[in-house]
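This report concerns only the one structure given below.
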Amino acid sequence: MSQIRTLTRLDGRALVVADHGGAGRPLLALHGTFGRGTVFDRLAADLAGVARVVAPDQRGHGHSDSAELHDRASHVADAAAVIRSLDVGPVVVLGHSLGGITAYQLAARHPELVAALVVEDVGPVMRRPEIAHPVLDVRGWPRSAPTRGELAERIEAAGVPDAGYFLRSAVERDGAAELLFDWEEMMAVQRGGCGDWWEDWLGSSCPALVLRGAGSTLLPAELARRMCRSRPGTALRTVAGAGHWVHDDAPEEFARAVADFLAALPAAPGSAPGPAVRRPPLADAHGQA
């Protein structure tokens, strides 16, 4: 069971962090826009004994406080504060989507904190024309409804075919289903992630793994190949049957890829030899074991 801790951000507001504990190499897991730290609960279970997964609710998400600022520097500062609070030296940092941008920017700006990177389905540029739709326009979308089912229907009617990912941030409040995040704030989060981040991507030298969903619309195949060719020590793994949310679409293969990457890393300085890596079963082409 994870331990929940609350840190104080530089803006004086709360940052809630779930530490799954256990043996293994510390791994900071950063979710994407609209997400929360619990999206990595499955990964933490699959990597038990291999990695100690620490997953914050990033500012404006989950149970962490909202924020006035959603610039890149603020998100990077939050991630750095979590690592420093662990007091274990440099850690592996995994990030999905916007969290992936934060991860490689953290490695570039605070290399002493990052031992290795796992970047899930995001590249070094988030803007048109490279990315056709870098921002999902969610202005005015419904935040609450009498039931989760009705909330899902209303969100889907607003413009998405499946509201499942958003509903992972829904809780029951006063007899209704309500999202933990604010749609208007999510617009600010997305806009803060838009830009050309090649300098940050190329600004670190630690080992890196890029995990791309074969059906991704946010990391085109050629951009993924280019980002890996351009940065020494970077491997690309494309997951068949997965889209942008590789950890959801193919959880077994996702965990297997992360476990393989961790196993190939040099031992952390001063660490004792760890247990043999318990690799999850390989997934088939549709992401099912």
> Short question: side chain of E120, backbone of H247 - any donor-acceptor pair under 3.5 Å?
Replying inline: yes

> Can you tell me how far the CG atom of L219 sits from the CG atom of L236, to the nearest 0.5 Å?
Replying inline: 8.0 Å

>> For R139, is there any backbone N or O sitting under 3.5 Å from a side-chain donor or acceptor partner on D137?
In response: yes

> Aromatic rings F181 and H61: how do their planes relate, parallel, tilted or perpendicular, breaks at 30° and 60°?
Replying inline: tilted

>> Show, in sequence, the C-alpha distance, side-chain angles and deciding distance for R168 and H31, and conclude whether the side-chain contact (heavy atoms from CB on, under 4.5 Å) test is met.
In response: CA-CA 12 Å; R168 295 176 75 169; H31 63 77; over 6 Å; no

> Looking at residues at least two apart in the chain, or sitting in another chain, which of them share a ring pair (Phe, Tyr, Trp, His ring centres under 6.0 Å) with F261?
Replying inline: none

> Counting only heavy atoms not in E68, do more than 12 fall under 6.0 Å of its CD?
Replying inline: no

>> Within the structure provided, determine whether L94 and F40 are in side-chain contact (heavy-atom separation under 4.5 Å).
In response: yes

>> The test is side chain to side chain donor-acceptor pair (under 3.5 Å); show your working for D41 and T38 and say whether it passes.
In response: CA-CA 5 Å; D41 283 356; T38 56; 5.0 Å; no

>> On a heavy-atom basis, which atom in Q190 and which in V138 lie closest, and how many Å separate them?
In response: NE2-CG2, 4.3 Å

> Under a 4.0 Å N-O cut-off, is there an ion pair linking R72 with D200?
Replying inline: no

>> To check you understand the geometry: which heavy-atom pair defines the closest contact between W201 and P124, and what is its length?
In response: CB-CB, 3.7 Å

>> Do the side chains of E252 and R42 get close enough for a salt bridge, i.e. N-O under 4.0 angstrom?
In response: yes

> Sequence neighbours excluded, which residues qualify as side chain to side chain donor-acceptor pair (under 3.5 Å) partners of R231?
Replying inline: S204, T234

> Do V160 and I155 pass the side-chain contact (heavy atoms from CB on, under 4.5 Å) test, and can you show the C-alpha distance, the side-chain angles, and the key distance before you say yes or no?
Replying inline: CA-CA 7 Å; V160 293; I155 293 173; 3.8 Å; yes

> Going by the angle between their ring planes, with limits at 30° and 60°, are F34 and F166 parallel, tilted or perpendicular?
Replying inline: perpendicular

>> salt bridge (Lys or Arg N to Asp or Glu O under 4.0 Å) for R229 and E222? Distances and angles first, verdict last.
In response: CA-CA 10 Å; R229 289 194 305 265; E222 179 51 38; 3.1 Å; yes

>> With a 4.5 Å cut-off on side-chain heavy atoms, are L113 and V93 touching?
In response: no

> Can D249 and V239 be said to form a side-chain contact (heavy atoms from CB on, under 4.5 Å), step by step?
Replying inline: CA-CA 9 Å; D249 296 340; V239 180; over 6 Å; no

> Hey, any chance L69 and M186 share a hydrophobic cluster, counting ILVMFWY side chains that come within less than 4.5 Å of each other, even indirectly?
Replying inline: no

> Side chains of S97 and H244: is there a donor and an acceptor less than 3.5 Å apart?
Replying inline: yes

>> I'd like to know if the side chain of D57 and the backbone of G37 have a donor-acceptor N/O pair within less than 3.5 Å.
In response: yes

> Would you call E178 and E172 a side-chain contact if the rule is heavy atoms closer than 4.5 Å?
Replying inline: no

> Is there a donor-acceptor pair under 3.5 Å between the side chain of R13 and the backbone N or O of S66?
Replying inline: yes

> Quick one: does I101's side chain get under 4.5 Å of H75's, heavy atoms only?
Replying inline: no

> If you take all heavy atoms of L86 and R52, which pair is closest and at what distance?
Replying inline: CD2-NH2, 3.7 Å

> If you look at every heavy atom in A67 and E185, which pair is closest and at what distance?
Replying inline: N-OE2, 2.8 Å

>> Would you compute the distance between atom CZ of R143 and atom CH2 of W183 and round it to the nearest 0.5 angstrom?
In response: 10.0 Å

>> Let me confirm one number: the OH-CD distance from Y104 to E199, rounded to the nearest 0.5 Å.
In response: 11.5 Å

> Between L151 and V171, is there a shared hydrophobic cluster once you connect ILVMFWY residues whose side-chain heavy atoms come closer than 4.5 Å?
Replying inline: no

> How would you list, by chain and number, every residue that makes a ring pair (Phe, Tyr, Trp, His ring centres under 6.0 Å) with H63, sequence neighbours excluded?
Replying inline: none

>> Apply side-chain contact (heavy atoms from CB on, under 4.5 Å) to residues L106 and I83 and explain how you reach the verdict.
In response: CA-CA 11 Å; L106 176 67; I83 295 175; 3.6 Å; yes

>> Test of understanding: clusters of I, L, V, M, F, W, Y form through side-chain heavy atoms closer than 4.5 Å, transitively. Do L180 and L136 belong to the same one?
In response: no

> Are any non-hydrogen side-chain atoms of P56 and L30 less than 4.5 angstrom apart?
Replying inline: yes

>> Looking at every heavy atom in both G62 and R36, which two are closest together, and how far apart are they?
In response: CA-CB, 4.1 Å

>> I need the M126 CE to W197 CH2 distance, nearest 0.5 Å.
In response: 10.5 Å

>> In this structure, would L27 and V16 fall into the same cluster of hydrophobic residues linked by side-chain contacts under 4.5 Å?
In response: no

>> Evaluate R9 against D65 for salt bridge (Lys or Arg N to Asp or Glu O under 4.0 Å), listing each step before the verdict.
In response: CA-CA 9 Å; R9 304 189 312 237; D65 286 344; 5.6 Å; no

>> Any non-hydrogen side-chain atom of S64 less than 4.5 Å from a side-chain atom of Q58?
In response: no

>> Let me confirm one number: the CG-CD1 distance from D19 to I4, rounded to the nearest 0.5 Å.
In response: 9.0 Å

> According to a 4.5 Å side-chain heavy-atom criterion applied to Ile, Leu, Val, Met, Phe, Trp and Tyr, with indirect links allowed, do V17 and L10 form part of one hydrophobic cluster?
Replying inline: no

> Taking all non-hydrogen atoms of both residues, which atom of L7 and which atom of A81 are closest, and how far apart?
Replying inline: CD1-O, 4.1 Å

> Going from CG on L47 to NE2 on H20, what distance comes out if it is rounded to the nearest 0.5 angstrom?
Replying inline: 10.5 Å

> With a 4.5 Å heavy-atom cut-off, do V54 and P26 have their side chains touching?
Replying inline: no

